[in-house]
Amino acid sequence: MSTMPAILSGRGLVKRFGKVVGLNGADIDLFPGEVLAVIGDNGAGKSTLIKCFSGAHAPDTGTMEVAGQDVLFRSTHEARLAGIETVFQTLAVSPALDIAENLYLGREILKEGFLGTAFRMLDRKRMRAEAGQHLQDLGIGTIQNISQAVETLSGGQRQAVAVARAAAFGSKVIILDEPTAALGVRESARVLQLIHDLRERGMPVILISHNMPQVFEVADRIHVQRLGKRAAVITPSTHNMNDAVAIMTGALTVEEADQALGPVRTPVVS
Amino acid sequence: MTSTTATPDLSEEFAEKSGIIPKIQSTLHKYPYLSPLFVLIVAMIVFTMLNERFILATNLSLMTQQTVIVGTLAIAQTLIILTAGIDLSIGAIMVFGQMMMANLVVTSEVSNVAGYGWPAALAIVAGVLIAVVAGGVNGFLIVRFELPPFIVTLGTLSIFTALSLIFFKARTIQGPEMPDAMTWMGTTFKIGPFTVMTGVLVMLAMYGIFAYILRNTAWGTHIYAVGDDPDAAELSGINTGRVLFSVYCVAGLIIGIAAWITIGRVGSASPNVAPNINLDSITAVVIGGTSLFGGRGTMIGTLLGALIVVVFQNGLALAGYDQAPRVLAVGVLVIAAVALDQWIRKVQG
Ligand SMILES: Nc1ncnc2c1ncn2[C@@H]1O[C@H](COP(=O)(O)OP(=O)(O)O)[C@@H](O)[C@H]1O
Ligand SMILES: [Mg+2]
């Protein structure tokens, strides 16, 4: 099984912000069908790592591959075209726009023919209908008013919109950067359920989270990030939460042979 | 209630809020032009009670004509303020455009300036184009060097004003010196008891077009998104720089058309026309319910805002008030509108 190729991988990624080192030679692998949790202290470079794959910024050095192709994304638009969808820590929803407009922001459905190509005229009816369908598919279709402005929604609802957007359009990989950090217990449980559903569908997911019980419940493998590098990759069956925290703080190092650097899950064929 | 549910269900959390004040707040939030519409209707009733000449067809017709310059420029200002920008150079660009049109079209035989004797159509297109270029310069400086729009347009306000003086001196070119096409926007015709100016119809058509564009094109959606939260827009895959640049160019186009309308409305091309027009256009936009913080507002609101300013000026004059209380009233309106906007923006779940 260890020969199964990664759907997404990075090698020796370095990213500096002036004097601050965000990434210091980080590696990452995501295998088909798995949920890879990324944990680490604040400032360990978790967000910086995934942002390279989201197109939010380009690494200074290092290589990235998606589905076997070398990639370097210069914008989030390019990453999206490659099938990678991200829910950023800052959400990246537009509060004044409504739910449907947010789902399709930056990739609106245009009218067919001349009006669409020349004037980029929106096919609002189709956007509403399909947005409703996407939410339905995700089990949050009972949202009544798809034309409700996002700024009138609670934090959890906004999160649901952002997650729904990623889930609706991600064709290869979905990345979630601390999607439950701002949520209550009940709302967190719903987002976690969404991740379970994505996994059932065979969609590879990268989940950044500080919530250890959550990580250990949903992840196939756990990537521990420390000081801008990958410190270890463990699984919930081989290590426990105390081990994870110890690796995060540098109190524990794990031999490479004891790590889960290769795939552990046989993806469901759907 | 258990902490996990089998299928996530957010429906209950999307229930409408209740209570009369939150209802008003969220209704105004959804339809930001309702408050200016209310103000306009009340003002018209009050001014009619103060002096019944206010509501006469002749006065109503006059007020539409008094609205046409600021109203057209406010379309451009709305687009820019929706992106959380501001344009202080609108009046200067407009003057530059109209002086260019007039100087290109006249000949020295009929006029006191050198003149170029271009055909009217060509001169008008050239004047509009120079306004597009001027808007593009604003946009370029704002996008390329990441300068605040306030500073950039404060600078270009002086620059374009100076360019007008350098190239076209301070000479006024009278309507009769120019071909009829130059003052065509000022021609009027009768509809029932109303005297309708061509430029007013053009302005209304432009309001309709731009309201439609904002609502129904990807470009329109992106304008709101960029003004709302530029970082979020960028992360959503929108090229925010391109959106901003295009907005300033389109604003230039509108300003160029406003230049032509102004020649018709005033009956001449003068560098001193409408000296307060920059601030007046911002006033109309703000009273119309568009947020100076960007991302929220409508074209219809701006039209109502422009009408409100004119109705107050005209109505207070007919009621016997002189200039000072009229200016005071507009000042109070602006502050009230911004305060209302702040309150409305507090709608949150
Ligand atoms: N845009 C940026 N500009 C400057 N420094 C940054 C930027 N983004 C991240 N950093 C720095 O890079 C380091 C890693 O940050 P980040 O990846 O956000 O950490 P994490 O997500 O693991 O908490 C931190 O020291 C942070 O301050
Ligand atoms: Mg982070």
Side-chain angles (χ1 to χ4, degrees), chain A residues 54-56 75-81 86 88 90-97 101-102 104-111 115-116 119-122 124 135 138-145 147-149 151-158 160 165 185-194 197, chain B residues 1-17 22 25-26 29-30 32 82 84 209 212-241 243 246 291 293-297 344-349:
Chain A
S54 311
S75 68
T76 51
H77 185 69
E78 287 185 8
R80 283 168 148 199
L81 289 179
T86 309
F88 292 98
T90 51
L91 277 195
V93 292
S94 200
L97 299 180
E101 286 168 335
N102 262 291
Y104 286 96
L105 192 56
R107 60 182 138 218
E108 291 78 6
I109 303 180
L110 301 178
K111 283 231 165 80
L115 289 177
F119 295 107
R120 295 203 289 151
M121 197 166 293
L122 302 177
R124 207 168 269 281
L135 295 180
L138 292 164
I140 50 178
T142 35
I143 289 176
Q144 285 297 307
N145 198 350
S147 58
Q148 189 171 350
E151 66 193 323
T152 62
L153 305 180
S154 72
Q157 294 167 336
R158 289 183 200 199
R165 178 166 69 176
V185 175
R186 221 157 52 109
E187 291 170 322
S188 296
R190 282 173 189 152
V191 171
L192 206 61
Q193 183 61 43
L194 281 174
D197 293 348
Chain B
M1 185 153 300
T2 54
S3 62
T4 33
T5 37
T7 31
D9 174 17
L10 291 161
S11 58
E12 60 202 273
E13 289 159 27
F14 281 78
E16 298 277 335
K17 275 180 285 185
Q25 204 178 17
S26 73
H29 188 271
K30 200 156 181 201
L82 280 176
I209 290 167
Y212 189 84
I213 287 175
L214 277 183
R215 185 95 199 93
N216 292 300
T217 66
W219 187 65
T221 307
H222 294 175
I223 288 175
Y224 283 100
V226 168
D228 203 12
D229 185 339
D231 296 332
E234 190 76 45
L235 287 178
S236 298
I238 294 173
N239 186 337
T240 54
V243 172
S246 67
S291 171
F293 301 102
R296 211 172 60 80
I344 293 170
R345 287 172 73 84
K346 293 210 180 92
V347 184
Q348 239 149 43

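Of the atoms belonging to B:N216, heavy atoms from both backbone and side chain fall under 4.5 Å from chain A. For A:S75, no part sits under 4.5 Å from any heavy atom of chain B, backbone or side chain. Only the side chain of A:L110 comes within contact range of chain B, with at least one heavy atom under 4.5 Å from a heavy atom of that chain.
Side-chain contact between A:S94 and B:H222: absent, with no pair of heavy atoms (C-beta onward) separated by less than 4.5 Å. For the pair B:Y212 and A:M121, the minimum side-chain heavy-atom distance is below 4.5 Å.
When atom types are taken as modelled, the side chain of A:R120 and the backbone of B:G220 share no donor-acceptor pair closer than 3.5 angstrom. Of the possible donor and acceptor atoms, none in the side chain of B:T221 sits under 3.5 Å from a partner among the backbone N and O of A:L105. Not a single donor-acceptor pair under 3.5 Å links the side chain of A:R107 to the backbone N or O of B:G237.
Shown here for A:A96 and B:G295, the closest heavy-atom pair between the two residues is CB-O, 3.2 Å. A:F119 and B:T217 make their closest contact through O-CG2, 3.5 Å (heavy atoms, listed as atom of the first residue, atom of the second, distance). Contact record, B:I238 with A:G106: CG1-CA, 4.0 Å, taken as the closest heavy-atom pair.
Ranked by heavy-atom pairs under 4.5 Å with chain B, the list A:T76, A:L192, A:L122 is led by A:L122.
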